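Predicted model only: the values in this text are computed from it and were never measured. Order of the sequence lines sets the chain letters (A, B, ...), proteins ahead of strands, with each chain counted from 1.
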Amino acid sequence: TAALVAELWGDYKEHGTHAARERLILHYSPLVKFVAGRVASGLPQSIEQSDLVSYGIFGLIDAIDKFDPARGFKFETYAISRIKGAIIDELRSIDWVPRSVRAKARAVERAYSKLENELRRSPEDKEVAAELEMNEDELNHLLSQVSFTGLVALDELLGRQQASDSGGSATVGDTIADRAHDPVEMFEVDEMKHLLADAINRMPDRERLVLTLYYYEAFTLAEIGALLGVTESRVCQIHTKAILQLRSRLAE
Amino acid sequence: LDEVRAMHEECLEVETEVSYVRRLAQARIDIVSAELDRRASGGSVEDLVARLPNILADEHPRSDPAHSRLPLHLAPSMAITWQRGLEHLIGDSTLLNLPTLSVEELGETREQLRTLEREMSDRRRSLHRVIDGIESDLTARRRVDQT
Ligand SMILES: Nc1nc2c(ncn2[C@@H]2O[C@@H]3COP(=O)(O)O[C@H]4[C@@H](O)[C@H](n5cnc6c(=O)[nH]c(N)nc65)O[C@@H]4COP(=O)(O)O[C@H]3[C@H]2O)c(=O)[nH]1
Ligand SMILES: Nc1nc2c(ncn2[C@@H]2O[C@@H]3COP(=O)(O)O[C@H]4[C@@H](O)[C@H](n5cnc6c(=O)[nH]c(N)nc65)O[C@@H]4COP(=O)(O)O[C@H]3[C@H]2O)c(=O)[nH]1
C-alpha cells in the first residue's frame, strides 16, 4: 500500500485531478474522526459533532493541497495538526461561546483583577459577587452558563498566556502547527500545560487541586467533585471560577 | 512514587495509540458500511464524500462537559508503524480503491475491521481501569502529603 499511496501523491501533485484528490480524502478521512472526537471532548453538547467533522475535513483538504511529499515527512503528522487547527479556527469564527456569555465571563475576570490588586490576596466568592453587584446565587447561576472545558478552552487560555508573554495574538495552537514540519516533536498537550504550570501553582489550594486534576491527571469534573465531596454543578462552578481567576492573572 | 508516575505515563501513551487505532478502525467500518449502502441504493462516490461528516460523527451525543476528559496527548507519536496483528487494516488500500472493490471484498474487510475494533476496545477498557487505578492512587498520596 505504501507504494500505491506514494504513487497517488505523485499523481495528484503533478496533475491535480479531482479523482486523485477524492481518493486521498477518503483514505485519510478517518484521521478526522479521531481528531474531531478529541477536540470535541468538553465542548457544550449544543455543538454538533458532524459540524466539527466537516470543519476537520476542510482542514484535511487544506493539508492535502499544501503537503509536499518530497520533504520526507509523514502526512499524518501534518494532517492531524491542520485538522485540529481548522476545527478550532472555525469554532472561534462562529462564536462557540455566545457573546453574551463571553461578556459575563470578562466581567468576572475584571472583578478578580480589581479585587486581587486591592486586597493583595485571592478574593472570597462573596467578595467577587459583591463587586459584580450580585448575590452569591446569581454569581453561581452566571458561572453555570460558562463552561471552559476541553482542548479548545485550553488553547484559548494559552492564547492569553502567549499574548501576555509575547504581545502577539498567535496561540500556542498556531505555533504547534508551524512546528508540524518537525515530525519528532508534536502534539504535546503537555507542552501547552507547561506554560500554565507556574500560574496554576500560585492559585489557592482548592482551585489548584481542581485545575491540576483536570489538566494534568485527566480526571473528569464529576470525578473531581466526588473527591471534594461536592455536587457536579458545584465543581463545574469552582472550575469555571478557577479558570476565570487564572485568566485574569495571565492577562496582567 | 516515580515508578508509579513512569507507569502512568507509559499507560497513557499506549492508551493514545490504542484509542487511535480504535477510532480509525471505527471510521473505516462506517465508511465501508456507507459504501455498501451506496451500492444497494445508488448514488455517486461524490455523494458519499459529501456525507463524510455524518458518517464519521459519533452516533451518540457527546457526554456533557462534567463527564468529559482532557486528552493528555492529542495523538500518538507517528514514529510507530502499525503492523502488529490486524493493525495494518487501518492503513491499507481499501479506502483508496473503495469504488472498485467487490461487495464480497467490502464485507470481508468490514468483518476484519470489526474484529480489530473489538480487540482495541477491550484493550482500551482494561487500560482505562489501570490508568484510573493509578490516578486514584496518585491522588490519595497527594492528599496524604497535603494533610
Ligand atoms: N463518553 C464516553 N463514553 C465512552 C467512551 N468509550 C466508550 N464509551 C461508552 O462505553 C460503551 C462501550 O464502549 P466499547 O466497549 O468501546 O464499545 C463500543 C465500540 O466498540 C463501538 N463503537 C463506538 N463508537 C463507534 C463508532 O463511531 N463507529 C463504530 N463502527 N463503532 C463504534 O460500539 C460499542 C458501543 O458504543 P456505545 O453505544 O457508544 O457505548 C459505549 C459508550 O457508552 C469514551 O471515550 N467516552
Ligand atoms: N483513563 C481514562 N481515559 C478515558 C476514559 N474514557 C475515555 N478516555 C480517554 O479520554 C479521551 C476523551 O474522552 P471523552 O471526553 O469521553 O471523549 C470521547 C467521546 O466523546 C467520544 N467517544 C469515543 N469512543 C466512544 C464510544 O464508544 N461511544 C461514545 N458515545 N463516544 C465515544 O470520542 C471522544 C474521544 O475519544 P478518544 O479519542 O478515545 O479519547 C478518549 C480516551 O483516550 C476512561 O474511562 N478512563
Side-chain angles (χ1 to χ4, degrees), chain A residues 1 4-5 8 22-27 29-45 48-54 57 74 76-77 80 84 147 149-151 154 183-184 186-190 205 209 213-222 225 227 232-233 235-236, chain B residues 8 12 16 19-28 30-31 35 45-46 48-49 51-79 88 90-99 131-132 134-136 138-139 142-143 146:
Chain A
T1 315
L4 196 66
V5 176
L8 189 60
E22 211 167 58
R23 290 173 72 195
L24 287 170
I25 292 170
L26 263 179
H27 180 67
S29 64
L31 289 174
V32 178
K33 182 176 179 82
F34 176 71
V35 178
R38 286 163 97 83
V39 172
S41 161
L43 286 174
Q45 286 169 306
E48 285 290 329
Q49 189 75 13
S50 53
D51 288 345
L52 296 171
V53 173
S54 65
I57 289 178
K74 260 195 117 145
E76 284 83 350
T77 304
I80 285 172
K84 176 193 172 214
S147 151
T149 43
L151 277 180
L154 176 62
V184 180
M186 265 303 298
F187 306 140
E188 284 318 310
V189 179
D190 270 0
D205 277 358
L209 182 67
L213 290 178
Y214 183 78
Y215 287 103
Y216 293 85
E217 310 276 350
F219 276 60
T220 66
L221 288 180
L227 209 69
E232 231 170 78
S233 55
V235 71
C236 290
Chain B
H8 183 233
L12 286 177
T16 306
S19 288
Y20 176 78
V21 176
R22 174 179 181 267
R23 293 296 266 172
L24 263 62
Q26 287 172 358
R28 284 190 164 229
D30 297 341
I31 291 171
E35 174 66 3
V45 177
E46 204 87 13
L48 186 99
V49 174
R51 276 189 48 236
L52 279 175
N54 287 318
I55 297 167
L56 295 175
D58 288 322
E59 197 185 327
H60 301 295
R62 277 193 301 285
S63 40
D64 65 279
H67 291 88
S68 69
R69 210 174 281 278
L70 194 75
L72 292 180
H73 298 290
L74 177 62
S77 130
M78 285 297 150
H88 65 280
I90 58 164
D92 73 9
S93 58
T94 303
L95 297 185
L96 282 176
N97 298 326
L98 197 66
I131 290 168
D132 296 348
I134 295 176
E135 282 169 2
S136 43
L138 284 173
T139 310
R142 175 183 290 119
R143 304 282 284 181
Q146 265 182 348

- Query: Under a 4.5 Å heavy-atom cut-off, does chain B meet the side chain of S29(A), its backbone, both or neither?
  - Reply: both

- Shortest non-hydrogen contact between S41(A) and R69(B), atoms and distance: OG-O, 2.8 Å

- Item | Proximal component of L26(A), with respect to chain B [non-hydrogen, under 4.5 Å] | both

- Query: Which atoms form the tightest heavy-atom contact between D64(B) and Q45(A), and what is the distance?
  - Reply: N-NE2, 3.4 Å

- So what's closer than 4.5 Å to chain B heavy atoms on A40(A): side chain, backbone, both or neither? both

- Turns out that what part of L52(A) lies under 4.5 Å from chain B's heavy atoms comes down to side chain

- Task: Please name the pair of heavy atoms, one in S54(A) and one in P53(B), separated by the smallest distance, quoted to 0.1 Å.
- Result: CB-CG, 3.6 Å

- Query: Taking R62(B) for the side chain and G37(A) for the main chain, is one N or O donor matched with an acceptor at less than 3.5 Å?
  - Reply: no

- Message: Please rank A27(B), P61(B), A66(B) by heavy-atom pairs under 4.5 Å with chain A and give me the top one.
- Response: A66(B)

- Query: Who among L8(A), L43(A), D51(A) has the most heavy-atom pairs with chain B under 4.5 Å?
  - Reply: L43(A)

- Between S68(B) and G42(A) the two heavy atoms that sit nearest each other are OG-CA, 3.2 Å

- Query: So which of E46(B), R22(B), Q26(B), H8(B) has the largest heavy-atom pair count under 4.5 angstrom toward chain A?
  - Reply: E46(B)

- Can you name the residues that form a side chain to side chain contact (heavy atoms under 4.5 Å, CB included) with T94(B), not counting sequence neighbours? R28(B), V32(B), D92(B), L98(B), L101(B), T109(B)

- Looking only at heavy atoms, which two atoms of Q49(A) and D58(B) are closest? And how far apart? CG-N, 3.7 Å

- Query: Is there side-chain contact between L151(A) and P71(B), with at least one heavy-atom pair below 4.5 Å?
  - Reply: yes

- Task: State, to 0.1 Å, how close L96(B) and R23(A) come at their nearest heavy-atom pair, and which atoms those are.
- Result: O-NE, 2.8 Å

- Query: So, do I80(A) and Y20(B) sit near enough that their side-chain heavy atoms are less than 4.5 Å apart?
  - Reply: yes

- Note on the structure: Rounded to the nearest 0.5 angstrom, the CD-CG distance for E217(A) and D132(B) is 11.5 Å

- Can you tell me how far the CG atom of L138(B) sits from the OH atom of Y216(A), to the nearest 0.5 Å? 15.5 Å

- Message: Test of understanding: with side-chain hydrogen bond (donor to acceptor under 3.5 Å, both in side chains), list the residues that count as partners of T1(A), not counting sequence neighbours.
- Response: none

- Query: Side chain, backbone, both or neither: which part of L31(A) has a heavy atom under 4.5 Å from chain B?
  - Reply: both

- Task: Report the C-alpha distance between L74(B) and K84(A) in whole Å, list the side-chain angles of each, state the deciding distance to 0.1 Å, and finish with yes or no for side-chain contact (heavy atoms from CB on, under 4.5 Å).
- Result: CA-CA 9 Å; L74(B) 177 62; K84(A) 176 193 172 214; 3.5 Å; yes

- Sub-4.5 Å side-chain heavy-atom contact between T220(A) and S63(B): no

- Query: What is the distance from atom NZ of K33(A) to atom CG of L52(B), rounded to the nearest 0.5 Å?
  - Reply: 11.5 Å

- Item | chain B contact via E232(A) - which portion, at a heavy-atom distance below 4.5 Å | side chain

- Query: Could you state the interatomic distance from CG (L70(B)) to OH (Y214(A)), rounded to the nearest 0.5 Å?
  - Reply: 5.0 Å

- Please look at I131(B) and chain A and tell me whether the side chain, the backbone, both or neither of the residue comes under 4.5 angstrom of a heavy atom of that chain. neither

- Message: Can you tell me which portion of T149(A) sits under 4.5 Å from chain B's heavy atoms? Options are side chain, backbone, both or neither.
- Response: side chain

